[in-house]
Amino acid sequence: MKFADFMCESAICVDIKATDKVGVIQELVGSLVSAGQVKEEDRDSIVEAIMKREELGSTGIGRGVAVPHTKHSSVESLIGTVGVSAEGVEFDSLDGEPVQLLFLLVSHPDRPGDHLRALENISRQLRDDTFCRFLKQSKTAQDIAQLLEEADNNQFAS
Amino acid sequence: MRIIILGGGTVGSWIAETLCPNHDVTVIDTNPEVIQRLNDHLDVQAFVGSAIDSTLLFQAQTLTMDLCLAVTGDESKNVLAASMAKRMGCRRAVARIHSPVMFDKSTFDYETEFRIDRLISLEELTAIELAQEIRTPGSVVVEHVARGSIKVQSVTLSPKAKILGVSLKELKLPGSVRVGSITRVDEQTQEKTTRLARADDVLQAGDQILLIGDDEDVDAMLDKALKNKKKKEVVIAGGGNVAVYLATILESGPYDAILIERDLERSETLATQLPEVTVLHADATYRQTLLEEHVEKTDFFVACMGDDESNIMTSVEVDDIINSTDGVERDDKTIVCVVSRPDYAQVISRLGIDRAISPRTAMVEQVQTFLTTGAVISTNSLPDTDIGVYEIEVQPGSAAEEHVLVNLALPLGKCLIAAVSSQGEARVPRGDDHFKAGDYVVALIHADAVDDVVEKFSGSSR
């Protein structure tokens, strides 16, 4: 599975304003709403579902990266977006580091296989330090979209 | 290689310690003290939590790991955790189990249903190592591969074997069996050489051959290979799972096994479970028992009771009895002993014990076979050769899935595809064989041709 299969370029946020976990997630879900990927009426329940998952255990996987995710019946297929926070946000990561780079994923409950493959692909690509560094330094959504495309073409981690 | 070990107990910690100098190791355990100790002493990442907590597995990046070893003390947790790891995207998953029933596929195939690459049992691995000391010391230690459907076993041909003097292509081997390699000692130079078997090879007495194929067919072949070989006596002290696995393995060879178990109820169960074995209800730690059973006459004595001290002391007693009996040559008696504590192993040879088998060493050796990449599941080398026994998965989109075997252009003389297992059925592959994704093959490959061969079975990367 490739980033192009589920990433929404118009929802990418390169300058996250929020400074806490819930704020960041609200902001990223908000950008999916603005991009027309999520209906306004589903916004709060998606944020709530993601936060509920975070309460069970953080999705901060270390090295300044987090992958908040959930399943929600309001979306038809996998949708995802990327957020960058220059300041970094406290996310209860295993290594205790604040998170600067977030990949947020929402998928339909009936497609568990796709959901796992998307998470696997994100995790695999994020193993590459260069990829993460470039993403964190990105100033525009186009920069990020281009990096995702390059990753899809196997230019970073295998 | 990136490895996640679930369970930091004796086995998990030992594996972590062995692997961490060369690999990127993560350990998860519920006990904070265990995690603290691992973090303090080893170059690993260790986290407190449950092996089946999906959020922790996610955070610990199980999704991108190369190998997951689920080795907690709870077998059901291990099966579940390994299955989760595999489904999440971890390349290979192995679970440690205790119950022999989990190896039996007649009602439920745990490996296949849970999509686990291998179930391993510390008791079975220990028994395999013990059996190796009895059967063919110094040969490759493999027993079952391809989710249990293919047996690999090395055997030394007796002079009366029914398969001598004819070429392999003329030999009527049972349906699924193939001779993989032949190890022969040159009569003049006494030099030992091992090579891949060819159709025109003629077997000689004394050859050590590697048989590969379905369980029953390999056993039938063993029978022919060992024909009329004088039965050797093996006395097994202890009636635990190790003893049961050992007795079962020895059943297919020319051995008379006597098992000594001190618990009455257990010995009755064993007698029913192992009809070929003579089960005695007695305490092997008493010299009197050993004298009554004439251990000085036995060919092999194996101590595999529950604790190291009993095993060592009983073995020392046996050594003493053998040496104090007049007219008996000491050299043809072998004493093998299970010793769990690694520090004890150092002094064993001074005590007259021929070989100590350590369960955790057996486990670590087994784990080493899974340190593979791509389509390879496990690999074992044939001792003193550059030939390896490879268990390979046919991946979707691979050349092996596309072409028939003869058109695969495998390196000539460097590789022998000895067996293929399709949906649990083993067969000898033929030139026009067409493999399917998900099939397993067992191949003998020379080191310099491995990449070339494995590539034919590997699909495009995800």
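Letters A, B, ... mirror the listed sequences (proteins, then strands); counts begin at 1.
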Between Gln59(B) and Ser93(A) (side chain of the first, backbone of the second, donor and acceptor by atom type, cut-off under 3.5 Å), is there such a pair? no

In this structure, are over 12 heavy atoms from other groups packed under 6.0 Å from Glu149(A) atom CD? no

How close do Phe58(B) and Leu119(A) get, heavy atom to heavy atom, and via which atoms? CE1-CD2, 4.0 Å

Enclosure of Gln137(A) CD (heavy-atom neighbours >12, cutoff 6.0 Å): yes

Give me the atom names and distance for the closest heavy-atom approach of Gln61(B) to Arg127(A). OE1-CD, 3.8 Å

Among Gly62(A), Gly113(A), Gly60(A), which residue forms the greatest number of heavy-atom pairs with chain B at distances under 4.5 Å? Gly60(A)

Contact summary for Leu56(A) and Thr55(B), nearest pair of heavy atoms: O-OG1, 3.6 Å

Is it the case that atom CD in Glu27(A) sees more than 12 heavy atoms from other parts of the structure closer than 6.0 Å? yes

Tell me whether Glu425(B) at atom CD has more than 12 heavy atoms from other residues, nucleotides or ligands lying less than 6.0 Å away. no

Answer yes or no: are there more than 12 heavy-atom neighbours, outside Glu76(A) itself, under 6.0 Å from its atom CD? no

Taken to the nearest 0.5 Å, the spacing of Ile61(A) CD1 from Thr64(B) OG1 works out to 7.5 Å

With a cut-off of 6.0 Å (strictly less than), are more than 12 heavy atoms of other residues, nucleotides or ligands near CZ of Arg53(A)? yes

Can you tell me how far apart CG (Leu63(B)) and CZ (Arg117(A)) are? Round to the nearest 0.5 Å. 8.0 Å

Mind listing the closest non-hydrogen atom pair of Leu116(A) and Arg87(B) along with its distance? CD1-O, 3.4 Å

Should we count CG of Asp451(B) as having more than 12 external heavy atoms under 6.0 Å? no

With a 4.5 angstrom heavy-atom cut-off, is it the side chain or the backbone of His115(A) that approaches chain B, or both, or neither? neither

